[in-house]
Amino acid sequence: MPAVNRITKPITHKGKKAILKKEPKLIEDAKEALCLKGNRTSQIVTDIMKDLYDLKKPNVQMMKQKNDILPFEDITPIEKFAFKYDASLFMIATHNKKRPHNLIMGRMYEHMLLDMIEFGVENYKGLKDFKVEKITSGIKPLLIFNGELFEICHEYGRIKNLLIDMFLREEVQKIRLQGLEHVLSFTAVENKILLRSYRILLKKSNTRTPRIELVEIGPHADLVCRRNKFASKDLFNRACRKPNALKILFYK
């Protein structure tokens with residue numbers, strides 16, 4: 001079926017009204033994400049998706065029921081869910097003998113798939129495994145990307161861009177030091193991305209600048225890069241294009 005026909009146009013007043021709410025804004029709100037389970041999952045992949053759900057709140061919805069979805073074979077069900085719940089990001093937990101503990105992350109553009117990456121979860125420790133004080137719910141994380149692969153490899157560059165989309169909240173113009181509470185660290189090594197999560201502690205020092213300490217709080221996982229489906233260069237550039245009105249507003 002052609003991509004343009006995947007989403008049925010609304011014919012009722014309620015449906016048309018919902019479309020109006022989804023019209024693009026000059027300055028977008030924080031992107032919403034959906035968390036879904038496939039027909040088969042493992043405890044490991046279910047737990048890590050729940051951890052990421054907790055870190056992403058409140059801009060995320062967890063779907064309770066299992067779904068017969070195989071996004072690399074047919075993305076249509078995900079596009080319909082994303083359209084229905086006005087979500088441009090998604091995570092899917094699946095598990096089978098060939099691809100155990102499988103976590104898929106992806107994003108939409110104009111209600112259709114833009115990028116998607118499949119990770120195998122290894123060396124997992126959850127939020128509950130770290131017996132330390134946790135971060136404030138809904139806090140904006142500081143994202144750190146380590147490793148030259150993010151800069152020199154096209155695939156890792158797109159994964160980095162997707163991860164920024166997944167965990168970035170509203171853009172801010174000023175940062176308050178005391179508001180820096182959470183670090184999400186992604187380290188690129190061959191065929192893996194090492195995910196680590198830390199709470200920032202501000203300690204007294206002999207200067208005006210406090211001493212910084214990091215305490216690991218979870219989740220902790222090695223994400224093995226499996227399959228991916230990335231948009232073409234033209235489509236990706238179109239999705240990243242900023243309206244002229246926003247450029248004028250930014251440079252005023």
Side-chain angles (χ1 to χ4, degrees), residues 28-38 40-67 69 71 78 81-82 85-95 100-108 116-145 159-160 162-172 175 178-187 193-202 213-224:
E28 294 184 349
D29 300 326
K31 293 183 178 181
E32 298 290 324
L34 284 178
C35 294
L36 306 105
K37 297 178 183 178
R40 292 184 60 193
T41 62
S42 67
Q43 194 62 52
I44 287 175
V45 74
T46 300
D47 286 349
I48 190 172
M49 188 169 72
K50 176 61 168 59
D51 287 346
L52 297 177
Y53 164 83
D54 287 337
L55 297 182
K56 178 74 177 167
K57 288 190 299 189
N59 304 113
V60 62
Q61 296 184 62
M62 177 72 77
M63 311 299 287
K64 301 298 183 182
Q65 294 183 337
K66 292 186 176 182
N67 300 274
I69 46 178
I78 307 300
F81 275 126
Y85 293 99
D86 194 19
S88 58
L89 302 164
F90 64 87
M91 286 184 274
I92 305 172
T94 65
H95 175 75
H101 317 308
N102 205 47
L103 181 67
I104 301 169
M105 293 186 186
R107 55 182 168 180
M108 301 293 180
M116 179 166 59
I117 178 72
E118 182 179 70
F119 295 113
V121 180
E122 295 181 350
N123 192 25
Y124 167 70
K125 294 179 183 178
L127 280 164
K128 62 185 179 183
D129 297 318
F130 292 86
K131 308 303 181 183
V132 295
E133 185 179 351
K134 305 304 181 184
I135 58 170
T136 306
S137 180
I139 200 75
K140 185 180 178 71
L142 179 64
L143 304 180
I144 297 178
F145 292 88
I159 294 173
K160 174 183 176 180
L162 192 157
L163 291 170
I164 291 173
D165 251 5
M166 183 66 71
F167 295 105
L168 187 69
R169 298 187 188 274
E170 296 88 350
E171 292 190 18
V172 295
I175 297 176
Q178 287 75 13
L180 294 177
E181 187 177 334
H182 183 213
V183 171
L184 274 177
S185 171
F186 302 94
T187 302
I193 293 176
L194 311 182
L195 165 63
R196 306 292 185 263
S197 176
Y198 303 94
R199 184 169 182 264
I200 299 173
L201 300 181
L202 303 180
E213 288 186 7
L214 298 180
V215 176
E216 190 168 7
I217 61 171
H220 167 124
D222 299 345
L223 304 177
V224 180

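If you're wondering where the values come from, they're calculated on a predicted model, not measured in any experiment. Just so you know, residue 1 is the first one in the sequence shown, and it goes up from there.
- Interatomic distance, Thr136 OG1 to Glu133 CD, rounded to the nearest 0.5 Å: 8.0 Å.
- Every residue two or more places apart in sequence or in another chain that forms a side-chain contact (heavy atoms from CB on, under 4.5 Å) with Gln61 is listed here: Leu34, Tyr85.
- Rounding to the nearest 0.5 Å gives a distance of 9.5 Å between CD1 of Ile48 and CD1 of Ile44.
- With sequence neighbours excluded, no residue forms a ring-ring contact (aromatic ring centres under 6.0 Å, His included) with His220.
- Residues Arg199 and Glu181 are in side-chain contact: their nearest non-hydrogen atoms beyond the backbone lie under 4.5 Å apart.
- With hydrogens and angles disregarded, a donor-acceptor distance shorter than 3.5 Å links the side chain of Lys134 to the backbone of Leu127.
- Remark: Lys50 pairs with Asp54 by the salt bridge (Lys or Arg N to Asp or Glu O under 4.0 Å) rule, at least two apart or across chains.
- Considering every non-hydrogen atom in both Gly38 and Thr94, the closest pair reads CA-CG2, 4.1 Å.
- Nearest heavy atoms, Ile164 versus Leu143: CA-CD1, 3.9 Å.
- Under the side chain to side chain donor-acceptor pair (under 3.5 Å) criterion, Thr41 pairs with Thr46, sequence neighbours left out.
- For Val60, the side-chain contact (heavy atoms from CB on, under 4.5 Å) criterion is met by Ala33, Cys35, Tyr53, Lys56, Lys57, not counting sequence neighbours.
- For Glu216, there are no salt bridge (Lys or Arg N to Asp or Glu O under 4.0 Å) partners at least two apart in sequence or on another chain.
- The salt bridge (Lys or Arg N to Asp or Glu O under 4.0 Å) test applied to Lys128 returns Asp47, not counting sequence neighbours.
- Checking side-chain atoms of Ser42 against main-chain N and O of Val45 turns up a donor-acceptor pair under 3.5 Å.
- Within the 4.5 Å cutoff, the side chain of Glu122 has no heavy atoms near those of the His101 side chain.
- Partners of Phe145 according to the ring-ring contact (aromatic ring centres under 6.0 Å, His included) rule, which considers only residues two or more places apart in sequence or in another chain, are Phe150, Phe186.
- Side-chain atoms of His95 do not come within 3.5 Å of backbone N or O of Arg40 as any donor-acceptor pair.
- You'll find the side chain of Met116 reaches within 4.5 Å of the side chain of Pro71, heavy atoms only.
- Residues passing the salt bridge (Lys or Arg N to Asp or Glu O under 4.0 Å) test with Arg196, sequence neighbours excluded: Asp222.
- Glu118 is linked by a side chain to side chain donor-acceptor pair (under 3.5 Å) to Arg99, Asn102, Arg227, counting only residues two or more places apart in sequence or in another chain.
- With sequence neighbours left out, Lys160 forms a side chain to side chain donor-acceptor pair (under 3.5 Å) with Glu151.
- When all heavy atoms of Glu32 and Pro58 are compared, the closest pair comes out as OE1-O, 4.2 Å.
- With Tyr198 as the fixed residue, the side-chain contact (heavy atoms from CB on, under 4.5 Å) test singles out one of Ile217, Ile135, Leu184, Val183: Val183.
- Looking at Lys37 and Met49, their side chains come closer than 4.5 Å, going by heavy atoms from C-beta outward.
- In this structure, Leu168 and Lys140 have side chains that are in contact, with non-hydrogen atoms separated by less than 4.5 Å.
- Taking the side chain to side chain donor-acceptor pair (under 3.5 Å) definition, one finds that Arg107 meets it with Asp115, Asn161, Asp165, sequence neighbours left out.
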